[in-house]
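First the structure, in the form of structure tokens, and then the observations on it.
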There are 2 protein chains.
Amino acid sequence: MNILEKIANELDTFSKSERKVAEVIMASPNTVIHASIAALAKQANISEPTVNRFCRRLDTKGYPDFKLHLAQSLANGTPYVNRHVDENDTADEYTAKIFESTMANLEMARKSLDTNTINRSVDLLTQANKISFFGLGASAVVAHDAQNKFFRFNVPVVYFDDILMQRMSAINSRQGDVVVLISHTGRTKSLVEVATLAKENDATVIGITSEGTPLAKECSIVLSLDVAEDTDLYMPMASRIAQLVLIDILATGFTLRRGTKFRDNLKKVKDSLRSSRFDRKDV
Amino acid sequence: MNILEKIANELDTFSKSERKVAEVIMASPNTVIHASIAALAKQANISEPTVNRFCRRLDTKGYPDFKLHLAQSLANGTPYVNRHVDENDTADEYTAKIFESTMANLEMARKSLDTNTINRSVDLLTQANKISFFGLGASAVVAHDAQNKFFRFNVPVVYFDDILMQRMSAINSRQGDVVVLISHTGRTKSLVEVATLAKENDATVIGITSEGTPLAKECSIVLSLDVAEDTDLYMPMASRIAQLVLIDILATGFTLRRGTKFRDNLKKVKDSLRSSRFDRKDV
DNA sequence: CAGAAAAATGTAAATTTATTTCATAATGAT
DNA sequence: ATCATTATGAAATAAATTTACATTTTTCTG
């Protein structure tokens with residue numbers, strides 16, 4: 001797909017003149033996309049028809065079409081990447097880097113998510129008698145957020161970020177209850193124990209964690225999110241953002257499954273907040 | 001940068017004919033990048049020079065250059081619109097839409113952020129005797145996350161999602177304390193009161209909120225994040241994600257300001273968690 | 001609401017750019 | 001070495017884009 005890669009690949013199938021064009025293009029593709037066929041021909045010391053033939057050899061309609069492909073390759077070549085924050089970065093720089101890494105990781109997480117699993121999870125959540133969200137540390141924040149969302153749906157929902165409360169809650173769970181356990185590493189001992197306890201009490205255990213971890217092994221369903229490790233500053237960053245987006249997805253799936261009337265209800269919940277707020281006209 | 005966004009943004013500054021072109025382009029940008037200026041003009045029922053003028057209005061050199069930009073916009077994984085979830089969406093569809101909107105909104109938020117303000121905020125935070133993070137509802141989650149991050153820095157940091165605790169804490173604040181108030185709408189009455197109380201007690205008040213809101217008016221510094229309203233399902237979605245990324249940025253700025261030795265310390269905090277986790281080799 | 005000024009749009013010509021045709025040169029196989 | 005094949009370029013042609021200018025439409029002013 002990427003035409004620059006294609007050029008590099010097929011370099012040996014090119015003729016002498018074609019190779020000259022290829023080299024000029026690869027040397028500064030960003031200049032080429034703004035050059036006319038005449039300019040490029042001159043730059044490569046070959047004739048214009050040769051450039052044109054070169055373009056066609058790469059399965060494009062002609063020179064302008066080739067430029068289009070090239071432009072797209074360049075745009076694609078620099079997607080959101082995980083750029084690491086550097087000690088001497090200015091506010092401008094680290095701000096840009098953090099936004100970009102977050103987005104790169106979201107893209108990554110999106111690709112790794114299995115929508116069938118999402119569908120099954122939504123099924124289970126809509127049918128649950130009670131939903132519990134447990135996490136520790138940064139994942140506690142995600143659990144907190146999940147409670148905030150699902151609470152609006154008027155389903156029994158609890159959230160604990162305390163190990164003992166989590167254990168007690170797990171022991172008290174029963175068939176029909178859904179326990180959602182959140183842990184990026186999937187190696188937090190106490191959370192794995194909670195999973196085991198909940199399972200022993202016939203609750204359904206959904207894990208928002210990485211594949212193949214001790215926690216994953218104890219779960220009925222695993223929603224796994226691939227995210228590049230947040231090694232930079234020893235703080236969870238992208239992983240929890242991806243988890244939160246996953247919560248949004250589950251919550252959205254939940255409301256869609258519940259139908260229109262249910263969504264009217266959501267509006268009421270939101271409207272109920274009005275009296276606690278300053279009116280827009282007050283401003 | 002993204003020319004499709006730009007078109008959507010400047011739609012109202014266009015003349016009648018220009019709008020016609022814009023609509024044709026937005027309806028099927030992928031067709032347009034392969035069309036000649038004549039074809040596009042015909043499609044939009046206007047003359048060729050008008051298309052040309054349209055291109056120049058968007059700061060491109062002309063039609064071919066415009067097509068290049070358009071092609072790049074399309075190639076870029078960047079979603080150009082906030083696609084709204086629809087009632088009949090499959091899991092696949094709403095998952096994709098939520099990821100895309102989240103990313104579109106992050107892109108938007110990034111652009112709206114002022115790095116000078118970030119710099120000043122980081123200054124204040126590094127110099128603070130005590131840092132408090134307050135929010136309610138979805139913003140409480142953000143405050144919770146902030147506490148989690150700043151706690152690792154070994155600075156006195158508190159977080160409350162309870163109105164009374166927030167008030168009491170604000171009343172007890174003094175010069176040198178920094179109070180960070182989080183509210184997307186900036187209209188939550190009790191939080192505005194907290195801002196006033198904190199200010200009366202000489203604390204520095206940083207608002208993570210929208211410009212021109214009652215809360216913003218009470219703050220010493222306002223970190224504003226533009227995000228498209230989350231109207232779909234009456235739940236805060238993109239706004240809190242953007243706020244969390246902002247927290248990441250502030251935390252990162254904080255650690256950078258503190259220097260290398262400080263960051264070694266962070267590693268120790270992280271390492272201290274090891275005993276609570278299953279080892280990798282256990283798996 | 002007339003009428004002038006400004007802005008928007010279109011026509012047609014000019015220009016630029018890309019492509020085709022065909023002649024010539026290079027390459028390679030026998 | 002010679003013929004066939006392939007590669008290349010010059011010039012002609014075709015296509016596309018841009019410019020210049022005329023016409024229409026809109027907006028503002030009195």
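Throughout, a chain's letter reflects where its sequence line sits, starting with A, and its residues are numbered from 1.
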Produce the list of close N/O pairs, under 3.5 Å, pairing protein atoms with atoms of nucleotides 4-7 of chain D; give distances to one decimal.
none

Pairs under 3.5 angstrom only: tabulate donor-acceptor contacts from the side chains of residues 28-40 of chain B to other protein residues two or more places apart or in another chain.
from	atom 1	to	atom 2	distance (Å)
B:H34	ND1	B:N30	O	3.4
B:S36	OG	B:A38	N	3.4
B:S36	OG	B:A39	N	3.2

Between C:dT15 (C1') and B:N52 (CG): distance, integer Å
13 Å
If I compare all heavy atoms of B:V205 with all of B:A198, which pair ends up nearest, and what's the gap?
CG2-CB, 3.8 Å
Expressed as a whole number of angstroms, how long is the span from A:R56:CZ to C:dA18:P?
12 Å
Find the bend of the helix from C:dC1-D:dG30 to C:dT30-D:dA1 as the angle between its two terminal axes (five pairs each), to the nearest 10°.
30°
Would you kindly give the OH-to-P distance between A:Y63 and C:dT20, to the nearest whole Å?
16 Å
Report, one pair per line, the protein and nucleotides 4-7 of chain C atoms (nitrogen or oxygen only) whose separation is under 3.5 Å.
none

Side chains of A:I249 and A:I118: does their closest heavy-atom pair fall under 4.5 Å?
yes
With B:E218 via side-chain hydrogen bond (donor to acceptor under 3.5 Å, both in side chains) - residues at least two apart:
B:T196
Test of understanding: with side-chain hydrogen bond (donor to acceptor under 3.5 Å, both in side chains), list the residues that count as partners of A:E211, not counting sequence neighbours.
A:S224
For B:F14 and D:dT26, what is the distance between atoms CZ and P respectively, to the nearest whole Å?
19 Å
Sequence neighbours left out, what passes side-chain contact (heavy atoms from CB on, under 4.5 Å) with A:T50? Give chain and number order.
A:S17, A:I46, A:S47, A:R53
With sequence neighbours left out, write down each residue that passes side-chain hydrogen bond (donor to acceptor under 3.5 Å, both in side chains) with B:D248, or none if nothing qualifies.
A:R240, B:K149
Between A:R57 and A:F14, is any pair of side-chain heavy atoms under 4.5 Å apart?
yes
Under the ring-ring contact (aromatic ring centres under 6.0 Å, His included) test, which residues partner A:F66, sequence neighbours left out?
A:F54
Nucleotide C:dT19, atom C1' - distance to NZ of A:K67 in whole Å:
15 Å
Close residues, residues 27-37 of chain A, relative to DNA chain C [heavy-atom separation under 4.0 Å]:
A:S36, A:I37
Using a 4.0 Å cut-off on heavy atoms, which residues in residues 39-48 of chain B reach DNA chain D? List them by number, or say none.
B:E48
State which residues pass side-chain hydrogen bond (donor to acceptor under 3.5 Å, both in side chains) with B:D226; sequence neighbours excluded, sorted by chain then number.
none
